[in-house]
Amino acid sequence: MNIRKPVLVVMALGALAVLFGGCSGDLAQTLPSPDGVPAGSNARFGLQDDGTDITGAVRSQFTVEERLTGTTDAYQTARVIDLREFGGQEVNQANVVLNLDRSGSMSGQKIIDLKVAAKLFVSLMRANDQTESMSFASSWTTDQAFTSDQSLLNAAIDGISAGGGTNAWDSGKAGLESLALLSAAGLKALVIMSDGSSSGDLQGMIDRANELAIPIFTIAFQLGSETARNAMQRAANETGGQAYEPATQQELQDAFFAVSQSIQGAYQIFWASNFDPGTHVDIRITYNGPGGPVVVERTNVIVVAPDP
């Protein structure tokens with residue numbers, strides 16, 4: 001993910017990812033396109049002008065462009081459908097459960113890569129942010145309860161060892177319940193990272209997330225099964241989160257970085273994609289209002305399926 005401006009721009013760490021971020025309230029996760037263009041996707045991001053937050057932006061000040069991931073094709077302009085701006089504690093404080101896969105298939109280099117990427121996420125926390133670190137195999141544990149202390153979170157992540165099955169969905173629901181009990185202000189989000197087909201109640205987790213208005217962000221690391229990838233995409237797309245499918249160590253770190261930025265983002269933009277649902281695209285969002293131009297780029301964004 002790159003952010004460009006003719007002069008230095010420091011992006012609010014609230015820029016996803018794309019994702020971002022949670023789509024709660026009365027705005028549908030995907031919106032129908034009356035002209036036949038496939039229903040689109042959404043990105044949550046932050047905007048800053050030399051360290052100052054840009055507020056009050058309107059839809060007409062943005063353009064969204066897409067191209068197929070992994071290509072150098074020319075970007076195609078997509079139709080912007082809607083823009084939401086978040087404010088107050090929802091932007092200034094994030095409360096996140098990191099639910100990390102420690103199943104047997106994560107042994108070796110994978111668990112090393114995961115620890116590096118998860119600790120990158122921790123390093124991006126702001127002073128008011130709180131994170132709880134969970135890990136799952138056939139069952140799950142809370143390795144570190146909600147805290148703003150990065151050293152405690154890093155120690156918990158370093159203590160994870162691989163072994164056992166994969167139960168992302170029931171452990172994810174447990175993470176949602178932990179968020180539900182948390183009486184802190186600000187945005188709440190669940191992040192699930194897994195490398196395998198999961199057992200547990202996927203639909204039950206999705207239903208509970210929507211009941212609580214908590215978005216789920218999923219990171220499917222080197223996950224070969226199409227069925228398993230589709231399940232991870234469902235968990236994100238149907239709760240207002242974002243799905244990522246990194247294949248390399250660097251892409252795994254990029255995904256955690258993008259999730260952090262989405263969760264902390266002040267804006268969410270919706271557009272009608274030029275590509276079919278399930279396609280992976282790179283996107284370029286350009287803001288041309290006061291304090292701009294500011295360019296936000298996302299890679300490997302999955303175009304979500306339209307609502308029934």
Side-chain angles (χ1 to χ4, degrees), residues 95-122 130-147 150 152-182 188-209 214-236 239 241-249 251-253 255-256 259-260:
N95 307 288
V96 180
V97 169
L98 282 183
N99 193 30
L100 307 175
D101 188 346
R102 55 173 167 80
S103 62
S105 59
M106 285 293 297
S107 60
Q109 188 62 43
K110 278 188 176 181
I111 198 75
I112 296 172
D113 293 346
L114 170 60
K115 291 178 180 181
V116 171
K119 289 192 289 185
L120 170 64
F121 180 93
V122 169
Q130 297 186 87
T131 297
E132 177 170 281
S133 180
M134 296 180 61
S135 60
F136 65 90
S138 303
S139 59
W140 57 90
T141 59
T142 298
D143 301 309
Q144 173 58 56
F146 283 106
T147 183
Q150 296 184 12
L152 292 177
L153 290 164
N154 287 336
I157 292 167
D158 280 333
I160 296 172
S161 58
T166 307
N167 192 344
W169 311 139
D170 291 343
S171 62
K173 191 174 180 182
L176 290 170
E177 299 304 337
S178 184
L179 285 162
L181 292 172
L182 184 67
K188 295 181 178 181
L190 171 65
V191 180
I192 298 176
M193 179 276 164
S194 182
D195 78 331
S197 299
S198 180
S199 59
D201 184 3
L202 171 61
Q203 188 62 55
M205 182 189 69
I206 291 172
D207 290 344
R208 184 58 172 152
I214 294 175
I216 299 175
F217 294 81
T218 61
I219 301 173
F221 184 41
Q222 297 181 1
L223 208 167
S225 164
E226 182 176 357
T227 299
R229 291 199 309 272
N230 289 342
M232 292 284 274
Q233 290 180 28
R234 273 194 61 203
T239 62
Q242 184 65 43
Y244 296 87
E245 296 179 359
T248 67
Q249 178 189 40
E251 288 178 357
L252 181 63
Q253 293 181 46
F256 274 94
V259 169
S260 172

Kindly determine whether T131 and F121 satisfy side-chain contact (heavy atoms from CB on, under 4.5 Å), including the steps that lead there.
-> CA-CA 10 Å; T131 297; F121 180 93; 4.0 Å; yes

S139 side chain near N167 side chain, heavy-atom distance below 4.5 Å =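 S139 does not reach N167 side chain to side chain.
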
Heavy-atom pair of closest approach, residues [X] and [Y]:
X    : Y    : value
L223 : A228 : CD2-CB, 3.1 Å
K188 : L179 : NZ-O, 2.7 Å
A235 : M205 : CB-CE, 3.8 Å
D143 : A156 : O-CB, 3.7 Å
A137 : S103 : CB-CA, 4.1 Å
S178 : F146 : OG-CE1, 3.4 Å

Nearest 0.5 Å, what's the [atom1]-[atom2] distance between [X] and [Y]?
X    : Y    : atom1 : atom2 : answer
Q203 : W169 : CD    : CH2   : 11.5 Å
Q233 : Q242 : CD    : CD    : 9.5 Å
L152 : I157 : CG    : CD1   : 11.0 Å
Q249 : D113 : CD    : CG    : 4.0 Å
L100 : I160 : CG    : CD1   : 5.0 Å
M134 : I192 : CE    : CD1   : 9.0 Å

Would you say the side-chain atoms of [X] pair up with the backbone N or O of [Y], donor to acceptor, closer than 3.5 Å?
X    : Y    : result
D170 : D201 : yes
T218 : M232 : yes
K119 : D158 : no
K110 : D195 : no
T239 : I216 : yes
T142 : A145 : no
S199 : T166 : yes
E132 : V97  : no

Scan side-chain atoms only and decide if N154 and Q150 contain a donor-acceptor pair under the 3.5 Å cut-off.
->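 Side chains of N154 and Q150: no pair found under 3.5 Å.
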
Any donor-acceptor N or O pair under 3.5 Å, side chains N95, Q130 =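 Indeed, the side chains of N95 and Q130 share at least one donor-acceptor pair under 3.5 Å.
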
Under the side-chain contact (heavy atoms from CB on, under 4.5 Å) criterion, do F256 and M193 qualify, and how do the steps go?
-> CA-CA 9 Å; F256 274 94; M193 179 276 164; 4.0 Å; yes

Would you indicate whether E226, at its atom CD, is surrounded by more than 12 heavy atoms from other residues, nucleotides or ligands within a distance under 6.0 Å?
->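 Counting neighbours around CD of E226, 12 or fewer heavy atoms of other residues, nucleotides or ligands fall under 6.0 Å, so no.
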
Quick one: do Y244 and V259 satisfy side-chain contact (heavy atoms from CB on, under 4.5 Å)? Show the steps, please.
-> CA-CA 9 Å; Y244 296 87; V259 169; 3.7 Å; yes

